[in-house]
There are 10 protein chains.
Amino acid sequence: MEFLVHIEIDWPPDAPEERKAEIFARELEQGQRLAAAGRLRRLWRVPGRWANWSLYEVADATELHESLSSLPLYPWMDIEVHALAEHPNDPRALGIDPDAP
Amino acid sequence: MEFLVHIEIDWPPDAPEERKAEIFARELEQGQRLAAAGRLRRLWRVPGRWANWSLYEVADATELHESLSSLPLYPWMDIEVHALAEHPNDPRALGIDPDAP
Amino acid sequence: MEFLVHIEIDWPPDAPEERKAEIFARELEQGQRLAAAGRLRRLWRVPGRWANWSLYEVADATELHESLSSLPLYPWMDIEVHALAEHPNDPRALGIDPDAP
Amino acid sequence: MEFLVHIEIDWPPDAPEERKAEIFARELEQGQRLAAAGRLRRLWRVPGRWANWSLYEVADATELHESLSSLPLYPWMDIEVHALAEHPNDPRALGIDPDAP
Amino acid sequence: MEFLVHIEIDWPPDAPEERKAEIFARELEQGQRLAAAGRLRRLWRVPGRWANWSLYEVADATELHESLSSLPLYPWMDIEVHALAEHPNDPRALGIDPDAP
Amino acid sequence: MEFLVHIEIDWPPDAPEERKAEIFARELEQGQRLAAAGRLRRLWRVPGRWANWSLYEVADATELHESLSSLPLYPWMDIEVHALAEHPNDPRALGIDPDAP
Amino acid sequence: MEFLVHIEIDWPPDAPEERKAEIFARELEQGQRLAAAGRLRRLWRVPGRWANWSLYEVADATELHESLSSLPLYPWMDIEVHALAEHPNDPRALGIDPDAP
Amino acid sequence: MEFLVHIEIDWPPDAPEERKAEIFARELEQGQRLAAAGRLRRLWRVPGRWANWSLYEVADATELHESLSSLPLYPWMDIEVHALAEHPNDPRALGIDPDAP
Amino acid sequence: MEFLVHIEIDWPPDAPEERKAEIFARELEQGQRLAAAGRLRRLWRVPGRWANWSLYEVADATELHESLSSLPLYPWMDIEVHALAEHPNDPRALGIDPDAP
Amino acid sequence: MEFLVHIEIDWPPDAPEERKAEIFARELEQGQRLAAAGRLRRLWRVPGRWANWSLYEVADATELHESLSSLPLYPWMDIEVHALAEHPNDPRALGIDPDAP
C-alpha cells in the first residue's frame, strides 16, 4: 500500500550548527536504509522550507508509523500522511513507461 | 521539473450516467496520452473521493498548465499544484532501487 | 488495517421525499452487506447533521475505496478517511474487555 | 454515551529521555485502568504523529472530562472530542458480528 | 447533559415569501414544544445572520439529534454541537442567583 | 446585552503546582464576584481541555472587557466573544420554564 | 456601543440587470435612512469585491440585527459583526481631531 | 487613503510588570502622536483580548508601514491591514452627520 | 501604489462555449486597455486553475476597485488584493537590472 | 520560470539589537547579489509585518530553493512559493510598456 507523506521540520533557528550537522547526517543514513528496504520510494524538497514530500510503499499504517518514527529528526517533525488507493489509469499499472528503450 | 498535483472533481451527483461515462472515457484516453508523453508519471485515487494525487514531470509551470487544462474534466476540476525541488536523499537520485535484480 | 471515516451527505433540502426514502433504504441495505462482510465495524450519527463517523477494517485503501464507492449515496458524499496504526495500549490488543463475564 | 476523542501530545523534542519514559509508563497504566473501567474502549495511533484516536463510553461529557484529565500527559495534550449519537444502521446495534462463530 | 448548539440556516434568498412564512411558523411552534419539554433552554439570534446559538439540556447526543432533526428547517440547517461538562465554578451549581430577591 | 464567551487557557504544562493552585483559587474567587454582580450567568467546562464556555450579561462590550480582563488568568487566556441578539422564540422571553412548579 | 461589520453580497452573476439596479437603489436609500438615524456611521468598499466594511453605533446587538436585517440585500448577505469596546487611546475619546481649525 | 488595521499583541504573560507599564506608556504617547498627525483616526479595543481595531488615513501602504512600525510594541504585534476603497453611500461622503446641530 | 491581486474565476463548467469565448475576448481587450493605462503591470496564470496573479500600479484602493470592476468577468470573480509597501531592497528601487546591456 | 514568494520572518522580539542589525545587513547584501544574478526581480514590504512578497525568475524549483536557503535569515523564515505559468494577456509578453517613451 502506498502513502504520500508531507513532513515539516520545526528545528530551532539558533540551535548549535554541529548538533544540526550530526543529526542531519544520521537522518540521511536512516533515510537510505528505508529506501534500501523498499519503503521510502521517492523524496522531494518543498522549495523554501525545511520540509519534504515523500512516497512510501508499506504493508499498512502501522509499518508506516514504524518507518517514520525511526527517523532521528522524528521528535521535531510535523507529519501528515495521505493514504493512496490504486487508480485504474496509473501509468505504472498500465505499464506505460516513456523512459523504456 | 516535477510537481505533485491534487485534483478534486466536482461532478453534479444527478448528472446523466451516459454523459459521465462518455467524458470519463475521454479523460482516461487523454491521461494515457500525457503518460505516454512522459508528463504524467504516477496517478493515485484518494480513497472515498472523486479525487486524485498525481506526479508530473514537465519543463515548467506553463507546460504543467497546458497538460492539466487539456483534460476533458478540467472545467469540473479544483486543482492544487505543489512545485517540487530535488532532495539530496532522493532514492531515485542515489540510484537506490530495491526492485533492481 | 483500520480506518476512521467521516462522511457528510450533501442532499438537496427540497428533493422529493420518495426519492430520499428509496435511496436511503438501499443505503441501509448496502451498509448491512458491508457489515456482514466484516468491513464496516461501527457506525455513529453526528448529532445535528446528516453525517456519520464509521470504523472500517479492510485490506488497504484500495479496498476501502471500493467499499465506500459502493454506497448508493456515494455521489452526494463528502468523505474524509483517517488511516489508523495499531497502538500498544489498545484495549482490544491487550484483551481488556470490561463486558467479558 | 460514546465519544470519539482525538489527542495530540505536544511534548518538547529535547526533554530528557528518562522523564519521557517515566511519564509514558504512568500514561499506559492509567490508560489500562480506564479500559478496565469500561470507559476507554479502543485506542489507535495516528501514523507519523505522537497523536491518537480513541473511543470512549461514558455517562456524559463530565465523566469524559474526568477520565481525560486523569491522564498523566493531560497538561501536554491538545484534545478534540466528538459526541456520537446512535445510528440505526450500527452493526453493533443490529447484532451483525462477522467474527461470530 | 447540556450542549451549546450553533445553527446556520441556508435558505435560498429568492424562495417565495409564503413558503418561508409557513415553514418559519412551524419552526417557532416546534421550538416552543422543545422548550416546554425542557430540552431547549435558551435561544439567541446571531446579529446579522439567519443563525442562532441555543442551549439544550438532554439525556445524551442521541436525544439531542432527535430534537434537532425534528425542526422543520432541519434540511436547510448547518449545525455544530458543543458538548458541555459541568464546571465547579458554575453560578447555577453554586446557587449564585443575582436576580433572587 | 448577552455574550457567549469561549476561553482557552494556555498554561505552561511544567509550571510549578503551587503557582497554579494559588492563581486558580484567585480565579475562582473573582469568577464568583462576577457571578454575584450578575455579569457571569453560566459557566461550562469544555471536555478534554483547560477551556470553558460562559454566558455573560453586561451593559456592552466595554463592560464585558472590564469583567474578562479582571480575571487573574487573563494574561494566559485566548478569548473569543460572540455578541448575542434577542430571539423572538427564546424560552426565557416567552416565559416557558419547564422547571416552574 | 459600536460594531465593525463586514458584509459579502453573494449576488448571482447572471441575474437580470434591472433586478440588480432596482434592489441596489432601494439598498442605497435604506443605507441613507440608517445613516440619518445615526446608526450607520461610516461605509467603505472592499476593493475587488461586492463587499464592504461599515461602522455602526447602536444600543446593542439586537438593534444592530434590526438595522442589518432591514437592508433589501439582506437575504443575499454573508455578515460578520465585530463587537468593539472603548479604548483609552481612542483619538475621538481624547478629543484629538487633526481636522479641527 | 484609509485602512482598517487589526492588531494582536503577543506579550509574554509572565513578563515583569514594570517592563509592561513602561512600554505601554510609550505606546500610548506614540499613538497620540500618530493621531495628532491625522494618521490614526479611531481606535477600539477587541473585548477579551490584548488586541485592537484601528482606522488609519495615510498616503499609501508605505506611509502606513512607517506609522505601524513606529509603535514601541511593534515587535510583539501580529498585524493585518485591510485596504479600503471609497463607497458611494459613505455617510461622510454624503455629508450625513446625525450629530450635526 | 502597487497591489498584488489574486483572482479566481468561478465560471459554470457547462455554460455554452460561445458565451465563454465572447466574454473571454472582451476580457482580453479590457485587460490590454488597463495595461496601456499603466495600471495592469504583470499578469500570470495559476497553473491548473482558471485563476491568475497580477501586479497593479494605481493611485489607491479606490482606483484599484474601478479597474477590477471594469473587467467583463468581474461578476464571476473572487478577488483578494494585497496592498504593497516599498521595500528598501527592491531591485527596481536600487536600479539593479540584470537585463540592462 | 517565475515564482511569487511570500516570506514571514519570525524574529524573537527581545533579541539583542546588534544581532538583528548585523544579520539584517548581511540579508540586504545577499538580496542584492540575487538581484544582480537576475533571480530576485522585485521585492515589496507587507505593510505592518516583518514579511515581504517577492518575484523570482529561476530555472526551476531547485534553483529557487538554492536562492531562498542562501538568505542569512532563512532559518527564521516561513516561506510560501507560488509557481507561475505564462498568461497570454501578460503586458510584458505583449510588449505593452506604458513607461516606454
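In the text below, chain A, chain B and the rest are named by the order of the sequence lines, each starting its count at 1.
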Query - Greatest number of heavy atom pairs closer than 4.5 Å to chain A - which of B:Gly48, B:Pro47, B:Ser54, B:Ala93 - result: B:Pro47

Query raised in the report: Contact part of B:Leu40 toward chain A, heavy-atom cut-off under 4.5 Å: side chain, backbone, both or neither?
Result: both

Report task. Report yes if the side chains of A:Trp44 and B:Leu55 come closer than 4.5 Å at any heavy-atom pair, otherwise no. Result -> yes

Query raised in the report: CH2 of B:Trp53 to CZ of A:Phe3: how many Å apart, nearest 0.5 Å?
Result: 14.0 Å

Query raised in the report: Which residues, numbered in order, of residues 81-89 of chain B come under 4.5 angstrom of chain A by heavy-atom distance?
Result: B:His82, B:Ala83, B:Leu84, B:Ala85, B:Glu86, B:His87, B:Asn89

Query raised in the report: Should we count CG of A:Asp10 as having more than 12 external heavy atoms under 6.0 Å?
Result: no

Query - Positions in residues 17-35 of chain B that reach chain A, provided some heavy atom is under 4.5 Å away - result: B:Glu27, B:Leu28, B:Gly31, B:Gln32, B:Ala35

Query raised in the report: side-chain contact (heavy atoms from CB on, under 4.5 Å) between B:Arg42 and A:Arg42: does it pass, once the steps are laid out?
Result: CA-CA 12 Å; B:Arg42 292 298 312 276; A:Arg42 291 299 312 276; over 6 Å; no

**Report entry** Expected output: side-chain A:Asp90 to main-chain B:Leu43 donor-acceptor under 3.5 Å
**Finding:** yes

Requested in this report: Would you mind reporting whether B:Arg41 and A:Arg92 have side-chain heavy atoms less than 4.5 Å apart?
Outcome: no

Query raised in the report: What part of A:Leu94 lies closer than 4.5 angstrom to a heavy atom of chain B: side chain, backbone, both or neither?
Result: side chain

